[in-house]
Amino acid sequence: MEIIPAIDIIEGKAVRLSKGDYTQKKVYNENPLEVALQFEDAGLKRLHLVDLDGAKAGRVANWKVLETIAGKTGLIIDFSGGISSEKDVQIAFSSGAAYAAVGSMAVKKPVVFQDWLTAFGVEKFILGADVLNEKIMIKGWTEATDINIFNFLKHYRTKGIQQFFCTDISKDGLLQGSADDLYKKILDEVEDLKLIASGGVSCLQDLESLQAIGCHGAIVGKAIYEGKISLKDLARFNNL
């Protein structure tokens, strides 16, 4: 299972939210590049970079942070937040993202999203699914839908997308463990899926549990910043 550290960006700074609440923001570093370099120095290979300003505004906002990190590290970056037009997709890739992680547009404008898959290549996209009570949430977790997570994933798996990351909002940022039951149910119901777990990871035991379930990867954020898991331990786990 691949470990993917996360950096969430608001106003160019590395932050974390609790349960997706923008009012519950904690700044961890004024310079996200410093954080990314620490991840790389520890031997980690990937980075999940989230433009929270972009997610709220509906357009990519912190592309300069992406450009800086991509230019000064060798990390394989997936970038998400505010990708709502072909121009946004182009900005993400031209700024150095290896993958565009898209959620809201796949829900609200599936025809447009399909056009992106055709234009840029389906292998360049990771589908993000933010979930509350097995229903999809969009627009930076600020808007609820009636879309069932399992049907959503099955539909886009038929379109050729392989990598999916799923965040259980009720778990995110709380350091109370990941949504193992949800992930197990997803893997049982959707075949041939590279599922990346996101939200709630608080210790190495959580990662071991996700690996045992069959998750392809795990995004780790607050547990790193709060010192619950060391970068050395993450790198060791990543290389097992």
Hey, could you give me the [atom1]/[atom2] distance between [X] and [Y], rounded to the nearest 0.5 Å?
| X | Y | atom1 | atom2 | value |
| --- | --- | --- | --- | --- |
| D130 | T145 | CG | OG1 | 10.5 Å |
| I7 | L52 | CD1 | CG | 12.0 Å |
| T73 | K45 | OG1 | NZ | 11.5 Å |
| K64 | I91 | NZ | CD1 | 11.5 Å |
| E67 | I77 | CD | CD1 | 11.0 Å |
| K124 | Q163 | NZ | CD | 11.5 Å |

How far apart are the closest heavy atoms of [X] and [Y], and which atoms are they?
| X | Y | answer |
| --- | --- | --- |
| P5 | L47 | O-CD1, 3.4 Å |
| C166 | L195 | CB-CD1, 4.0 Å |
| L49 | L66 | CD2-CA, 3.7 Å |
| G12 | N62 | N-OD1, 3.3 Å |
| D51 | A61 | OD2-N, 2.6 Å |
| A218 | L210 | CB-CD1, 4.0 Å |

Open item on the list: Assess, by modelled atom type and distance only, whether the side chains of S230 and D233 contain a donor and an acceptor separated by less than 3.5 Å.
Closed with: yes
Got a donor-acceptor contact below 3.5 angstrom from the [X] side chain to the [Y] backbone?
| X | Y | value |
| --- | --- | --- |
| Y225 | V15 | no |
| T167 | G199 | no |
| E40 | G74 | yes |
| D53 | E11 | yes |
| T158 | H155 | yes |
| S95 | A92 | no |

Using a 4.5 Å cut-off on heavy atoms from C-beta on, say whether the side chain of [Y] contacts that of [X].
| X | Y | result |
| --- | --- | --- |
| F152 | L127 | yes |
| K222 | K228 | no |
| M105 | P110 | no |
| L234 | L207 | yes |
| Q38 | L231 | yes |

TODO: Look at the rings of F125 and F113 and say which category their plane angle falls in: under 30° parallel, 30 to 60° tilted, over 60° perpendicular.
DONE: perpendicular
Open item on the list: Does R157 have more than 12 heavy atoms from other residues, nucleotides or ligands lying within 6.0 Å of its CZ?
Closed with: yes
- [ ] Verify the neighbour count for atom NZ of K154: are there more than 12 heavy atoms of other residues, nucleotides or ligands below 6.0 Å?
- [x] yes
Open item on the list: Does the structure place the NZ or CZ of K194 under 6.0 Å from the centre of the six-membered ring of F164, at an angle of no more than 45° from the ring's axis?
Closed with: no
Open item on the list: Please evaluate residues F237 and Q211 with respect to the criterion side-chain contact (heavy atoms from CB on, under 4.5 Å), reporting the C-alpha separation (whole Å), side-chain torsions for both, the decisive distance (0.1 Å), and the verdict.
Closed with: CA-CA 10 Å; F237 186 93; Q211 186 175 49; 3.7 Å; yes
TODO: Go through the steps to decide whether V50 and F79 satisfy the test side-chain contact (heavy atoms from CB on, under 4.5 Å), and finish with yes or no.
DONE: CA-CA 6 Å; V50 184; F79 181 78; over 6 Å; no
Open item on the list: Less than 4.0 angstrom from a charged side-chain N to a carboxylate O is my criterion; do D180 and K184 meet it?
Closed with: no
- [ ] Answer yes or no: is there an ion pair linking K135 with D146, defined by an N-O contact shorter than 4.0 Å?
- [x] no
Got a list of side-chain donor-acceptor pairs under 3.5 Å for residues 81-88, not counting sequence neighbours?
unit_1	atom_1	unit_2	atom_2	d
S84	OG	G58	O	2.3
S84	OG	D88	OD2	3.2
S85	OG	K87	N	3.4
S85	OG	D88	N	3.1
S85	OG	D88	OD2	3.1
D88	OD1	V60	N	3.3
D88	OD2	S84	N	3.1
D88	OD2	S85	N	3.2

- [ ] Quick one: name the residues clustered hydrophobically with I196, using the 4.5 Å side-chain heavy-atom rule over I, L, V, M, F, W, Y, and just say none if it's on its own.
- [x] I4, I76, Y99, I126, F165, I219
- [ ] Check the pair D78, R46 against side-chain contact (heavy atoms from CB on, under 4.5 Å), reporting the backbone distance first and the verdict last.
- [x] CA-CA 8 Å; D78 69 76; R46 285 185 63 170; 3.8 Å; yes
With a 3.5 Å cut-off and sequence neighbours excluded, list the donor-acceptor pairs that the side chains of residues 26-37 form with protein atoms.
unit_1	atom_1	unit_2	atom_2	d
K26	NZ	E226	OE2	3.1
Y28	OH	E226	OE2	2.3
N29	OD1	N31	N	2.7
N29	ND2	E34	OE1	3.3
N31	OD1	L33	N	3.1

- [ ] Check step by step if side-chain contact (heavy atoms from CB on, under 4.5 Å) holds for V122 and W116.
- [x] CA-CA 8 Å; V122 69; W116 298 351; over 6 Å; no
